[in-house]
Amino acid sequence: MTLEGRYDYIIVGAGTAGCVLANRLTADGRTRVLLIEAGGSDNYHWVQIPVGYLFCIGNPRTDWMMRTAAESGLNGRSLVYPRGKVLGGCSSVNGMIYMRGQAADYNGWRQMGNVGWGWDDVLPYFRKSEDHYGGANDLHGSGGEWKVARQRLTWDILAAVQEGAKEFGIMPRVDFNDGDNEGSGFFEVNQQRGIRWNAAKGFLRPALRRPNLRLVTEALVQRLLLSDRRVAGVRFRQGDAVHEALADAEVLLAAGAINSPKLMELSGIGRSDVLGELGIDVAHALPGVGENLQDHLQIRTVYKVSGVKTLNTVAGNAFGKARIALQYALTQSGPMSMAPSQFGMFTKSDPAKATPDLEYHVQPLSTDRLGDPLHPFPAITVSVCNLRPDSRGSVHAATPEPEHQPDIRLNYLSAPSDREVAVKAVRQAREIMTAKALARYRPQEILPGPAITGDDDLFREIGNIATTIFHPVGTCKMGQDDRAVVDGELRVHGLAGLRVVDASIMPSIVSGNTASPVVMIAEKAADVIRASAR
């Protein structure tokens, strides 16, 4: 196959969803698929080594290098906003945590009118691709492409936090992924024998052996090609050459919650006023494009501890770093096999909540800011985020040029309810750290600082220390209201030949990490697409 020409399906983006789609749609050996990725190969050692996320974020080889607009809720700060620009997308640079969310999340989608998206509807798709270390049962799958493993290291301080949490009614939980994640436990991860397992390994590589799949990397899609009310193909640039490819069936937009709406707007699909300001002719007015942006904001509280190992001290000198490297080289275990977070808790900010609305990521390390050097003393980070924020942001093309990043405005903490939950979350974290089980380690608060006690002062300091946990969703939301972009089969309202299949279709954010829900979305979409082609 040549770059230009006709295909049955064109997939824009070889990230998590795109890799799944490419695998499933080419499985019959006949359906012709073109998969276009702006990034390059994931054959990079820092992608494979779990701790390498530190070297993939902020690295133009693997990251789009985006930033948010200044956030008033964060005291005017602009955040670095990593997005995977590499085969596997964010599954190549993320925290590897395997998390589905709560059954109530998906039942909520169904109650919004999205038939077929309730928990009982989506659970088979989670199971379909899963290769769970515990084997197959009613909740988990075995033998699938998406590997789920236990982490390969332990920390005494994290076990003590779990024991301490029991004193406040947060009890150990065997499985965070059975639909009710309330409790505490050690996160399962997308790894195989201590090595990152991304969507490129699981889904794309097997499919690339098929002659009916064509992969093009380092190719930037510039616009969708429209003919009347139908998307007929794409125009993309690879190097100095510009190509056009046509889709006889459909174009599948899987560029993620930031880039999918941007590409629609560059193609004349979106809010008329946004397009007008960019000087782009309106091909199809669709006011919801780029709206409804949601993300999880984590508040990083830090506690100095005594008499126990943390990564700060283990990796605090050249000898320690050498031991860590040797351990990983010999056994693929130890700190280099770490996910960014090892231990988690799901609980409620208010007993009146129906399900947990807070997620804790507890880490045996600390820094002043993400990416900064580790502190020279033993400490832990107790991050907590509001799982279901009411604040809504937007993402829109900033210029008509495809090379330019869009304008990302999260509007964190703009909703009064989110400000209230943020303050409650820090107070709750403080309470947990007073547990008797932790007393022998003498935890001392470093961030936000024990002197900060009043609600107003605490909220102001939260604005200084909170940061994204990298879960943008919702910008091409599924539904039937006037701000919905796709229907329940992920077809773009009012257009033929175009579906969106990525995190942008979530009408509301799930109560947990978002990578595996995107795998599920793509699995379900692939079945719907194949059924519609019969």
Side-chain angles (χ1 to χ4, degrees), residues 54 57-58 60 63-83 256-259 261-262 271 273-274 277-278 290-302 340 349 358-359 361 366-373 375 381-399 404-427 429-430 445-475 509:
L54 291 169
I57 291 173
D63 186 359
W64 280 92
M65 306 290 288
M66 296 181 182
R67 295 193 69 96
T68 71
E71 289 284 329
S72 61
L74 302 184
N75 301 330
R77 289 187 297 135
S78 168
L79 299 183
V80 171
Y81 211 66
R83 298 282 84 202
I258 303 301
N259 279 325
K262 170 191 163 185
R271 276 177 43 186
D273 58 329
V274 170
E277 290 175 3
L278 294 170
E291 300 297 315
N292 193 48
L293 177 60
Q294 300 158 58
D295 189 17
H296 288 143
L297 181 73
Q298 65 171 343
I299 305 166
R300 299 177 59 256
T301 72
V302 173
S349 65
L358 296 180
E359 179 181 10
H361 291 78
S366 68
T367 65
D368 287 332
R369 294 180 180 82
L370 288 176
D372 282 3
H375 288 140
T381 299
V382 184
S383 290
V384 58
C385 73
N386 180 355
L387 288 169
R388 294 187 294 277
D390 290 322
S391 301
R392 294 292 184 269
S394 64
V395 56
H396 294 294
T399 77
H404 294 173
Q405 84 148 70
D407 182 37
I408 305 168
R409 297 180 181 271
L410 277 301
N411 296 333
Y412 291 122
L413 301 174
S414 57
S417 57
D418 292 350
R419 297 194 287 272
E420 179 182 353
V421 170
V423 171
K424 285 183 175 180
V426 173
R427 295 197 184 284
R430 285 174 165 173
E445 183 178 329
I446 304 297
L447 290 176
I452 301 170
T453 57
D455 284 359
D456 290 343
D457 291 339
L458 191 53
F459 178 72
R460 183 170 56 254
E461 191 58 26
I462 286 169
N464 291 332
I465 64 176
T467 189
T468 176
I469 204 165
F470 317 129
H471 295 164
V473 307
T475 51
I509 196 166

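Hydrogens, waters and symmetry mates are skipped; everything else that's a heavy atom, side chains included, is used. Count residues from 1 along the sequence.
Residues Met66 and Pro406 meet the side-chain proximity criterion, which asks for heavy atoms closer than 4.5 Å. Here the side chains of Thr475 and Ile258 are not in contact, with every heavy-atom distance at 4.5 Å or above. Side-chain atoms of Ile408 and Glu71, non-hydrogen and from C-beta on, never get closer than 4.5 Å to each other. Using a 4.5 Å cut-off on side-chain heavy atoms (C-beta onward), Thr467 and Gln298 make contact. Looking at His396 and Arg271, their side chains come closer than 4.5 Å, going by heavy atoms from C-beta outward. Annotation: side chain of His471 is in contact with side chain of Ile509 (closest heavy-atom distance under 4.5 Å). With a 4.5 Å cut-off on side-chain heavy atoms, Pro472 and Leu293 count as touching.
Taking both residues in full, the closest heavy atoms of Arg427 and Asp455 are given as NH2-OD1, 2.6 Å, listed atom of the first, atom of the second, then distance. Counting all heavy atoms, side chain and backbone alike, Gly256 lies closest to Pro261 at O-CD, 3.8 Å. Between Ala466 and Leu74 the shortest heavy-atom distance is CB-CD2, 4.1 Å. Annotation for Ser366 and His375: closest pair OG-ND1, 2.7 Å, computed over non-hydrogen atoms. Listed here is the closest heavy atom pair of Val395 and Ala257: CG1-O, 3.7 Å. The shortest heavy-atom contact between Pro448 and Val426 is CG-CG1, 4.1 Å.
No side-chain donor-acceptor contact under 3.5 Å links Lys262 to the backbone of Ala398. Not a single donor-acceptor pair under 3.5 Å links the side chain of Ser349 to the backbone N or O of Ala425. Asn292 contributes a side-chain N or O that, together with a main-chain N or O of Gly474, makes up a donor-acceptor pair within less than 3.5 Å. Not a single donor-acceptor pair under 3.5 Å links the side chain of Asn411 to the backbone N or O of Ser391. A distance-only check finds a donor-acceptor pair linking the side chain of Gln405 to the backbone of Arg67 [under 3.5 Å]. Between the side chain of Arg392 and the main chain of Glu291, no donor-acceptor pair closer than 3.5 Å is present.
Among Leu413, Leu410, Val384, the single residue meeting the side-chain contact (heavy atoms from CB on, under 4.5 Å) criterion with Leu297 is Leu413.
For the atom pair CD of Glu461 and CG of Leu447, the computed distance is 7.0 Å after rounding to the nearest 0.5 Å. The structure places CD1 of Ile465 at 11.0 Å from CG of Asp368, a figure rounded to the nearest 0.5 Å. In this structure, the separation between CG on Asp295 and CD1 on Ile469 is 8.5 Å, given to the nearest 0.5 Å. Between the CG atom of Asn75 and the CZ atom of Phe459 there is a distance of 7.5 Å, given to the nearest 0.5 Å. Between the CG atom in Leu79 and the OG1 atom in Thr68 there is a gap of 4.5 Å [rounded to 0.5 Å]. A distance of 7.5 Å separates SG of Cys385 from CG of Leu358, quoted to the nearest 0.5 Å.
Scanning for side-chain hydrogen bond (donor to acceptor under 3.5 Å, both in side chains) contacts around Thr367 gives Arg300, with sequence neighbours left out.
Residue pairs meeting the salt bridge (charged side-chain N to carboxylate O under 4.0 Å, His left out) criterion with at least one member in residues 408-424, sequence neighbours excluded, are Asp350-Lys424, Asp407-Arg409, Glu420-Lys424.
Counted within 6.0 Å of CG on Asp372, heavy atoms from surrounding residues, nucleotides or ligands total more than 12; the atom is thus considered enclosed.
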